[in-house]
Amino acid sequence: MGSQSLLVLSAPTMMIPSKIAASLAPPHPRSLCFPRALTITDSVVFRAKSNSARNKLASSIRCALNPALKTTLDKVVTSHKVVLFMKGTKDFPQCGFSQTVVQILKSLNVPFESVNILENELLRQGLKEYSSWPTFPQLYIDGEFFGGCDITVEAYKSGELQEQVEKAMCS
């Protein structure tokens, strides 16, 4: 085939905790507010003739925050007082930074929902755009982006995190 190469992208299934899914109450199970590309495991095949085609594809993944994903993220972060987008789950964190934030929230006895961003590349990229924050974990309190691991640790040490959480729980 000469200079053509085959690039295969897979869209893994997005796992949403049942508490979050129930609170969103979608009209149809398939329309869990995530666009089709985020809820299927189909492979998408692209024929890339050059590096510029591959770069264009990579650029489209970087611009992953489409209107449907933004609406869904808005609903997720506002449907719970505290939401943590993290690598892994709160019961099984997959990175030290996520584990640190989980331990802090648990030490404060904060009820929180966690979303595993490792299960979906488009979600992970979209969240970076949504929050204008490049790393994970990302903590949201009362519908607002609070920060990542370092900010959360500093706020915990200063008492600011507990104040913010208490304020959110009372609102």
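Here, residue 1 is the first one in the sequence, and each next residue gets the next number.
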**Request:** Check whether any side-chain heavy atom of K87 lies under 4.5 Å from a side-chain heavy atom of I117, and answer yes or no.
**Result:** yes
**Message:** Nearest 0.5 Å, please: how far is OG1 in T152 from CD1 in I104?
**Reply:** 6.5 Å
**Request:** Report yes if the side chains of F112 and V102 come closer than 4.5 Å at any heavy-atom pair, otherwise no.
**Result:** yes
**Prompt:** Are side-chain heavy atoms of M169 and P111 found at a separation under 4.5 Å?
**Reply:** yes
**Item:** Heavy-atom side-chain proximity of V82 to Y140 below 4.5 angstrom
**Value:** no
**Message:** For a side-chain contact (heavy atoms from CB on, under 4.5 Å) check, start with the C-alpha distance between D142 and T78, then their side-chain angles and the critical distance, and finish with the verdict.
**Reply:** CA-CA 7 Å; D142 210 15; T78 58; over 6 Å; no
**Message:** Are the side chains of L69 and Y130 in contact, using a 4.5 Å heavy-atom criterion?
**Reply:** no
**Request:** Could you tell me whether the side chain of L161 reaches within less than 4.5 Å of the side chain of L139, counting heavy atoms only?
**Result:** yes
**Asked** If you take all heavy atoms of L65 and G126, which pair is closest and at what distance?
**Response** CD1-O, 3.8 Å
**Message:** Is it the case that the side chains of T135 and K128 hold a donor-acceptor pair, with the cut-off being a distance below 3.5 Å and no angle test?
**Reply:** no
**Request:** Go through the steps for N116 and Q94 under the test side-chain contact (heavy atoms from CB on, under 4.5 Å), then give the verdict.
**Result:** CA-CA 9 Å; N116 184 356; Q94 296 291 303; 5.6 Å; no
**Prompt:** Run the side-chain contact (heavy atoms from CB on, under 4.5 Å) check on F145 and S132 step by step: do they pass?
**Reply:** CA-CA 9 Å; F145 177 66; S132 299; over 6 Å; no
**Asked** Side-chain contact, heavy-atom cut-off 4.5 Å: W133 with I151?
**Response** yes
**Message:** If hydrophobic clusters are built by linking Ile, Leu, Val, Met, Phe, Trp and Tyr wherever their side-chain heavy atoms come under 4.5 Å apart, do I141 and F97 end up in the same one?
**Reply:** no
**Message:** Looking only at side-chain N and O atoms, does E160 offer a donor or acceptor that is under 3.5 Å from a partner on Q164?
**Reply:** no
**Request:** With rounding to the nearest 0.5 Å, note down the distance linking NZ in K81 to SG in C170.
**Result:** 9.0 Å
**Message:** With a 4.5 Å cut-off on side-chain heavy atoms, are R124 and L118 touching?
**Reply:** yes
